[in-house]
Amino acid sequence: VTLQLKGIVPPVATPFTEQGEIDIPSLENLIDFLLDGGVHGLFMLGSTSETATLTHAKRVQVMETAARKAKGKVPLLAGTMDSGTERVIEHALAAKAAGMEALVVTAPYYIKPSQAEIIDHFRQIKAEVGLPIVAYDIPVNVQTKLTMETVFTLYDEGTVIGLKDSSGDEGNFRRLVIEKKRSRPDFAVFTGSELIIDGLLIAGASGSVPGIGNVDPHGFVRIWDAVQSGDYATAVSEQDRLNRLFDIIRQGDLSKMGGTASALGGFKTALMLRGVIATNVMGRPMTRLDAQATERIRAILVDGGLLDA
Amino acid sequence: VSEFDLKGIVPPVATPFSEGGEVDYPSLERLIDFLIDAGVHGLFMLGTTSETSALTGSERRAIVETAVQAAAGRVPIMAGTLDTATRRVIENARAVVEAGAQAIVVTAPFYMTYSQHEIVEHFHAVKRALGVPIVAYDIPGTTHAKIAPATMIRLFDDGTIIGLKDSSGEESAFRGMVAAADTRPGFRVLTGSEQTIDGSIAAGAAGVVPGLGNVDPHGFVAVWNAVQSGDHPAAVSAQKHLLKLEPIVRTGDRARMGLHASVLGSYKTALMLRGIIETNAMSEPLKRFDEADTDRVRDVLTGAGLL
C-alpha cells in the first residue's frame with residue numbers, strides 16, 4: 001500500500017518539563033490540539049522539534065507518544081536526523097518499531113558529502129529499514145543541498161516517495177512542482193516555507209510542513225481547504241493573517257540567544273500562552289525566552305485573535 | 001587525578017574498517033603502535049579524521065577501549081564527543097570516559113544556529129556533567145559555528161577548558177590565542193593546520209593535531225623535536241619534507257566523492273599502502289578510493305620517500 005501524503009503536516013514541537021525531560025502530557029495535548037485543528041499528518045522529530053538536541057532514548061519517547069495518540073488517525077512521519085548512515089539507520093529502526101509510517105531523512109552532515117554519496121546514504125537506509133522515505137532538504141542546517149537531479153534519481157528508482165523542501169529556494173521548488181504535474185503525479189512535494197503556502201498550494205504543491213502550524217493549525221488547514229475549493233481570496237487573507245502572527249519568532253534577545261532558540265522558543269511560548277503545553281523550556285543549550293519576550297508574544301497573539309486580552 | 005598532559009604531536013587517529021564495513025580493531029591496534037613507536041605525544045581518538053560523525057555510540061566506545069588497551073599508558077588519550085547538542089554530547093562523553101579517555105574534545109553545538117552565550121552554556125553543562133579536562137575544538141568548516149576567541153578565553157579563565165584545538169584555518173586568530181596563552185599558564189593552544197607547524201610551534205603552540213600525522217608521524221615528530229632543541233633550520237627542513245606529502249589530499253576523484261571522503265580516504269589509502277591497516281574502506285556513505293585514486297596516492301608517497 002502506498003502511503004498518500006498531502007495537506008498540512010506540522011513538524012510537532014517537543015515540550016519539556018522544567019527539569020528538561022520530555023513533557024509527555026503536554027505532547028499529548030499538543031497532538032490533540034493539532035488533530036482538532038484538522039491537520040492531515042504529523043511530522044515528529046523535525047528541526048522544529050529540537051531533534052538535534054534529543055538523545056536516542058528521548059526520540060523514542062516522542063515517537064511512542066505520537067503512536068499512542070494518533071496512530072490510525074493521520075499518517076505519522078518521523079525525522080531520523082543524524083550525521084552518518086549507520087546512525088540514521090539506528091534512529092530509523094527505532095521509528096519503525098515505534099509504529100511510524102514514513103521516515104524523513106536529510107543528507108548526512110558535519111562532513112561534506114557529494115551528491116553520489118547522498119544517494120548511497122538514502123539507498124542504504126531504504127534497503128535496511130524499508131519504510132517509505134521523504135527526503136528533507138534543509139541546507140541551512142545540513143549545509144548540503146539535495147539537488148533536483150538527486151531527488152528525482154531517488155524518486156524514480158523508488159527510494160523516496162517525496163520531498164520536504166526547507167531550502168527557501170522557491171524557484172527550484174516551483175520546478176519540482178512543474179515536474180510533478182508533468183510526469184510524476186504521485187511525487188509528494190511539501191514546502192517548509194510557511195509564509196507563502198497559499199501560492200505554492202495553488203501552484204500544485206502536495207502540502208506544507210509549517211513550524212508555526214503548531215501555534216495555529218486551524219489557520220493553515222483553512223488555507224488548505226480554501227485552495228482545494230478554489231477560494232483563493234480566502235487562502236490569501238488567511239495567509240496574510242498567519243504572516244502577521246509570524247512576528248512571534250523575532251521576540252528573543254539575539255544578544256543572548258541564537259536565531260533558532262528565538263524562533264522555536266516563540267512557537268513554544270505561544271503554545272504555553274494558549275494553554276496547550278506547560279512550559280517554554282528549550283532543549284539544551286538553547287536559551288529560553290524570558291518574561292519580556294513572553295509579554296511581547298502575548299500581545300501578538302491577542303492582536304491576532306488567538307488569545308483573549 | 002593527575003593533570004592531563006597535553007602537548008606535542010597528537011594525531012587524530014583514523015578509524016580502519018574491514019571489507020564488511022565493521023571497525024577493524026586489529027588494524028586500529030597496529031595503527032596505534034605505529035603512531036606511538038614514531039614518538040607521538042598523545043592520541044586523539046574520535047576526531048573528524050576518524051570519521052566519527054558516521055560512527056554509532058557502541059562503535060565509539062569500543063574504539064576508545066581498544067585505544068586505551070593498545071596504548072597501555074604509553075601516551076595520554078583524549079576522545080571526541082562530536083554531536084549536535086548538550087545532552088547528546090554528555091551521553092557520548094560519559095561513554096568515552098568510562099572507556100578510559102583522560103580528556104574529552106568538544107565542538108560547538110551544530111545543526112541549529114547558536115549564540116556565543118549558548119556555546120558557553122554548552123561547555124559549562126558538559127563540564128558540570130563530566131568533570132574531566134575538556135579541550136575545545138573550533139572547526140567551523142564542519143560545524144558552521146565559530147567558537148569566538150573571547151569565548152575560548154572566558155572558558156579557560158573560568159576553569160571549563162584546558163585548551164583548544166584550532167581547525168579554523170584562521171592563522172592570525174590562532175596566533176592571537178597563542179599570545180593569550182603567554183599570560184595564562186596551562187592554556188594549551190593546539191593547531192590542526194599541518195603545513196606551518198614549524199612556525200606555530202616556535203611561536204608557542206602547545207602542540208599539533210595533524211590528520212596527515214597518521215601517514216607520517218615520524219615527520220611531524222621530527223619538526224616538533226627540532227623546534228624543541230632550538231634547531232630552527234632542521235625544523236624548516238622537516239616541514240619542507242611534510243610539504244611533499246601535502247598533495248595527497250587531492251588524489252581522490254572529486255567527481256565521485258565529497259571533500260571528506262577524498263581527504264580522509266587518502267590517509268587511509270596511504271596507511272594501507274604502508275602496510276599499517278588492512279583496507280581503505282570508508283564509513284557509509286563515503287566513497288572509497290579506487291585503483292586510479294590509489295595509484296595517485298602511491299605516487300605521492302613514493303615522491304615523499306615513504307614507499
Side-chain angles (χ1 to χ4, degrees), chain A residues 20-21 47-48 50-59 81-90 106-125 128 138 140-144 252-264 282-287, chain B residues 21-22 48 51-60 82-92 107-126 129 139 141-145 252-264 282-287:
Chain A
E21 300 302 315
S47 299
T48 296
E50 302 169 68
T51 307
T53 74
L54 298 175
T55 60
H56 182 81
K58 287 189 158 43
R59 295 183 188 199
M81 61 181 62
D82 218 315
S83 45
T85 308
E86 286 298 327
R87 297 171 64 83
V88 169
I89 288 171
E90 282 188 345
T106 70
Y109 45 87
Y110 189 83
I111 54 132
K112 289 183 175 59
S114 66
Q115 293 294 316
E117 288 168 339
I118 291 171
I119 288 170
D120 282 354
H121 178 68
F122 280 92
R123 285 176 180 163
Q124 282 296 329
I125 295 160
E128 295 197 30
I138 184 160
V140 67
N141 289 339
V142 308
Q143 313 293 339
T144 308
D253 175 2
L254 291 184
S255 73
K256 207 167 59 174
M257 62 177 67
T260 309
S262 175
L264 306 188
M282 302 296 290
R284 291 192 290 171
M286 278 187 282
T287 308
Chain B
E22 302 300 315
T48 304
E51 301 169 67
T52 306
S53 62
L55 299 170
T56 64
S58 54
E59 288 169 334
R60 293 184 187 198
L82 284 184
D83 221 314
T84 39
T86 309
R87 280 179 177 276
R88 294 169 61 84
V89 168
I90 289 172
E91 197 173 79
N92 297 342
T107 69
F110 52 94
Y111 189 86
M112 305 208 275
T113 308
Y114 295 99
S115 65
Q116 292 297 311
H117 172 80
E118 288 168 334
I119 292 171
V120 168
E121 289 291 305
H122 179 65
F123 278 92
H124 283 173
V126 176
I139 183 160
T142 60
T143 62
H144 301 276
D253 176 9
R254 289 296 305 278
R256 268 188 310 127
M257 59 180 79
L259 174 72
H260 285 84
S262 75
V263 173
L264 309 185
M282 303 293 287
S283 56
E284 286 172 4
L286 300 183
K287 296 279 187 191

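A note on names: the letters A, B, ... follow the listed sequences, proteins ahead of strands, and every chain is numbered from 1.
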Okay, side chain of A/Lys112, backbone of B/Gly141: is any donor-acceptor separation there less than 3.5 Å? yes
Best-contacting candidate, B/Glu91, B/His144, B/Glu51, against chain A by heavy atom pairs under 4.5 angstrom: B/His144
Most contacts with chain B, counted as non-hydrogen pairs under 4.5 angstrom, among A/Ala116, A/Ala52, A/Ser83: A/Ala52
Under a 4.5 Å heavy-atom cutoff, which of A/Val88, A/Ile89, A/Asp120, A/Ile119 has the most pairs with chain B? A/Asp120
With chain A, which of B/Leu55, B/Thr107, B/Leu264 has the greatest number of heavy-atom pairs at distances under 4.5 Å? B/Leu55
In terms of side-chain heavy atoms, does B/Tyr111 have a donor or acceptor partner in A/Thr51 at a distance below 3.5 Å? no
Between A/Glu50, A/His56, A/Gln143, A/Lys58, which residue shows the highest count of heavy-atom pairs closer than 4.5 Å to chain B? A/Gln143
Side chains of A/Glu86 and B/Thr56: donor-acceptor distance under 3.5 Å anywhere? no
One option among A/Gly283, A/Ser255, A/Gly20 has the most heavy-atom pairs under 4.5 Å with chain B, and it is A/Gly20
List the steps and the verdict of salt bridge (charged side-chain N to carboxylate O under 4.0 Å, His left out) for A/Glu21 and B/Arg87. CA-CA 11 Å; A/Glu21 300 302 315; B/Arg87 280 179 177 276; 3.5 Å; yes
When you measure from the side chain of B/His117 to the backbone of A/Met257, do you find a donor-acceptor pair of N or O atoms at a distance under 3.5 Å? no
Between B/Glu284 and A/His121, is any pair of side-chain heavy atoms under 4.5 Å apart? no
Chain A interface, residue from B/Glu121, B/His122, B/Glu59 that has the most non-hydrogen pairs under 4.5 Å: B/His122
About how many Å separate CE of A/Met282 and CD of B/Glu118, when rounded to the nearest 0.5 Å? 8.5 Å
Are any side-chain N or O atoms of B/Thr142 and backbone N or O atoms of A/Ile111, one a donor and one an acceptor, separated by less than 3.5 Å? no
A/Tyr110 pairs by side chain to side chain donor-acceptor pair (under 3.5 Å) with which of B/Thr48, B/Thr84, B/Thr52, B/Thr143? B/Thr48
Distance (rounded to the nearest 0.5 Å) between A/Glu117 CD and B/Met257 CE: 7.5 Å
Measure the CZ-OG distance between B/Arg256 and A/Ser114 for me, rounded to the nearest 0.5 Å. 9.0 Å
Examine whether an atom of A/Pro108 lies under 4.5 Å from a heavy atom of chain B, and if so say whether it belongs to the side chain, the backbone or both; otherwise answer neither. side chain
Report which part of A/Ser47 has an atom under 4.5 Å of a heavy atom belonging to chain B: side chain, backbone, both, or neither. both
A/Thr144: side-chain hydrogen bond (donor to acceptor under 3.5 Å, both in side chains) partners, not counting sequence neighbours: none
Please tell me if the side chains of B/Arg88 and A/Leu54 come closer than 4.5 Å, counting only heavy atoms from C-beta onward. no
Donor-acceptor check, side chain of A/Thr260 to backbone of B/Thr113, threshold 3.5 angstrom: yes or no? yes
